[in-house]
Amino acid sequence: MASSAADSEFVTLVSGDGFEFVLPRSAACVSGTIRRMLDPSSKFAEALTGRCTLENISGIVLEKVCEYFCYNEKNKNQSNVPDMEIPAELCLELLMAADYLDT
């Protein structure tokens with residue numbers, strides 16, 4: 001018996017320009033926006049498919065966001081974690097994405 005997308009350990013995030021990123025659900029749910037989209041009681045299509053399309057976020061920015069989600073998940077119980085490398089040219093777009101994603 002196949003498990004439903006709501007039970008899946010992984011989710012797919014899709015950028016506005018069509019790039020897809022598959023990452024652990026627990027990492028993606030650091031984002032309040034994504035967590036609400038994937039909540040089975042929300043009745044959002046994303047909760048059924050396990051796929052979130054983020055039209056206003058470009059692939060290059062979403063890639064860095066996903067990198068952060070996984071970095072955060074990997075280091076969540078650590079102290080003195082070094083900062084992630086963030087290219088200066090992405091800072092403004094990353095701040096806007098973080099605000100939108102409630103991260």
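In this chain, numbering begins with 1 at the start of the sequence shown. Quick note: numbers below take in every heavy atom, side chains included, and nothing from hydrogens, waters or symmetry partners.
Atom CG of Leu54 sits about 6.0 Å away from atom CG of Leu62, to the nearest 0.5 Å. Note that CD1 of Ile34 and SG of Cys52 are 5.5 Å apart. Values are rounded to the nearest 0.5 Å. Here Cys91 contributes atom SG and Lys64 contributes atom NZ; the two are 10.0 Å apart, rounded to the nearest 0.5 Å. The distance from the OG atom of Ser26 to the CG atom of Asn72 is 10.0 Å, given to the nearest 0.5 Å. Annotation: the span from Thr53 atom OG1 to Arg51 atom CZ amounts to 5.5 Å, rounded to 0.5 Å. Put simply, OG on Ser15 and CG on Asn56 are 10.5 Å apart, with the number rounded to the nearest 0.5 Å.
The number of heavy-atom neighbours closer than 6.0 Å to OH of Tyr71, taken from other residues, nucleotides and ligands shown, is above 12. Counted within 6.0 Å of CD on Glu85, heavy atoms from surrounding residues, nucleotides or ligands total 12 or fewer; the atom is thus considered open. Within a 6.0 Å sphere centred on CZ of Phe21, other residues, nucleotides and ligands contribute more than 12 heavy atoms. Other residues, nucleotides and ligands place more than 12 heavy atoms under 6.0 Å from the CG atom of Leu90.
For the pair Arg35 and Asp39, the minimum side-chain heavy-atom distance is 4.5 Å or more.
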**OP:** Please step through side chain to side chain contact (heavy atoms under 4.5 Å, CB included) for the pair Leu13 and Phe69, ending with a clear verdict.
**Re:** CA-CA 12 Å; Leu13 304 183; Phe69 288 160; 4.2 Å; yes
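Remark: the backbone N or O of Phe10 is paired with a side-chain donor or acceptor of Ser8 at under 3.5 angstrom.
The minimum heavy-atom distance linking Val11 with Ala28 is given by the pair CG2-CB, 3.7 Å. Contact between Ala47 and Pro40 at its shortest, heavy atoms only, is CB-CA, 4.1 Å. Pairing each heavy atom of Glu93 with each of Ser58, the nearest pair is OE1-OG, 4.1 Å.
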In residues 96-103, what donor-acceptor pairs under 3.5 Å come from side-chain atoms, sequence neighbours left out?
from	atom 1	to	atom 2	distance (Å)
Asp102	OD2	Arg36	NH2	3.4
Thr103	OG1	Leu101	O	3.4

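Clustering ILVMFWY residues whenever any of their side-chain heavy atoms sit less than 4.5 angstrom apart, transitively, puts Phe44 in a cluster other than the one holding Ile57. Using a 4.5 Å cut-off between side-chain heavy atoms of Ile, Leu, Val, Met, Phe, Trp and Tyr, with links allowed through other members, Leu38 and Val14 fall into different hydrophobic clusters.
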